K.L.:
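One structure is given below, represented as structure tokens, and several questions about it will come after.
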Amino acid sequence: MRFHRPVVRREAVLLPSDPLEPLQTIRYAVRAAFADDFGATGVPENADGYRPHISLAYSNTAQPSAFAVDAVSLVEMHRDNRRYEWRTVEAVPLGGL
């Protein structure tokens with residue numbers, strides 16, 4: 001896998017990756033296994049449109065992009081309510097950046 005420069009999206013800062021196909025293949029296999037156990041309507045997200053990436057930061061409010069460079073946070077994240085929700089477990093300031 002190769003990861004590229006950070007990209008700022010509406011709700012996240014991420015590192016896009018390529019090639020896309022190996023990770024998309026794994027995701028489709030996991031979705032198929034999930035559907036075998038929970039049925040097609042039990043799979044929480046649409047199969048199309050997934051772009052493999054590493055998430056660097058999430059935001060749930062409008063703010064300057066500096067929020068993504070002030071600290072590194074370990075978060076517990078889930079989508080149990082059909083949206084991203086998380087709590088900060090620990091945050092470490094990045095210092096002089």
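What's counted below: heavy atoms across the whole structure, side chains too, no hydrogens, waters or symmetry copies. Here the structure is a predicted model, which means the values were calculated and not measured.
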K.L.:
Which residues satisfy the side chain to side chain contact (heavy atoms under 4.5 Å, CB included) test with L20, sequence neighbours excluded?
P.N.:
Q24, R51, P52
K.L.:
In chain order, what residues pass the side chain to side chain contact (heavy atoms under 4.5 Å, CB included) check against P6, with sequence neighbours excluded?
P.N.:
V13, L15, L56
K.L.:
In chain order, what residues pass the salt bridge (charged side-chain N to carboxylate O under 4.0 Å, His left out) check against R9, with sequence neighbours excluded?
P.N.:
none
K.L.:
Nearest 0.5 angstrom please: F3 CZ to L14 CG, how far?
P.N.:
11.0 Å
K.L.:
Under the criterion side chain to side chain contact (heavy atoms under 4.5 Å, CB included), I'd like the reasoning laid out for S17 against I54: C-alpha separation, chi angles, the key distance, then a yes or no.
P.N.:
CA-CA 8 Å; S17 66; I54 293 176; over 6 Å; no
K.L.:
Measure the CZ-CZ distance between R27 and F34 for me, rounded to the nearest 0.5 Å.
P.N.:
11.5 Å
K.L.:
Going by the rule side chain to side chain contact (heavy atoms under 4.5 Å, CB included), which residues pair with V30 if we only count those two or more places apart in sequence or in a different chain?
P.N.:
I26
K.L.:
Please list, one pair per line, the donor and acceptor atoms closer than 3.5 Å that link side chains of residues 82-90 to other protein atoms, with sequence neighbours excluded.
P.N.:
unit_1 : atom_1 : unit_2 : atom_2 : d
R82    : NH1    : P44    : O      : 3.0
R83    : NE     : E85    : OE2    : 3.3
R83    : NH2    : E85    : OE2    : 3.1
E85    : OE1    : N81    : ND2    : 2.6
E85    : OE2    : N81    : ND2    : 3.4
R87    : NE     : E76    : OE1    : 3.3
R87    : NH2    : E76    : OE1    : 3.1

K.L.:
With sequence neighbours excluded, tell me which residues meet salt bridge (charged side-chain N to carboxylate O under 4.0 Å, His left out) with R2.
P.N.:
D18
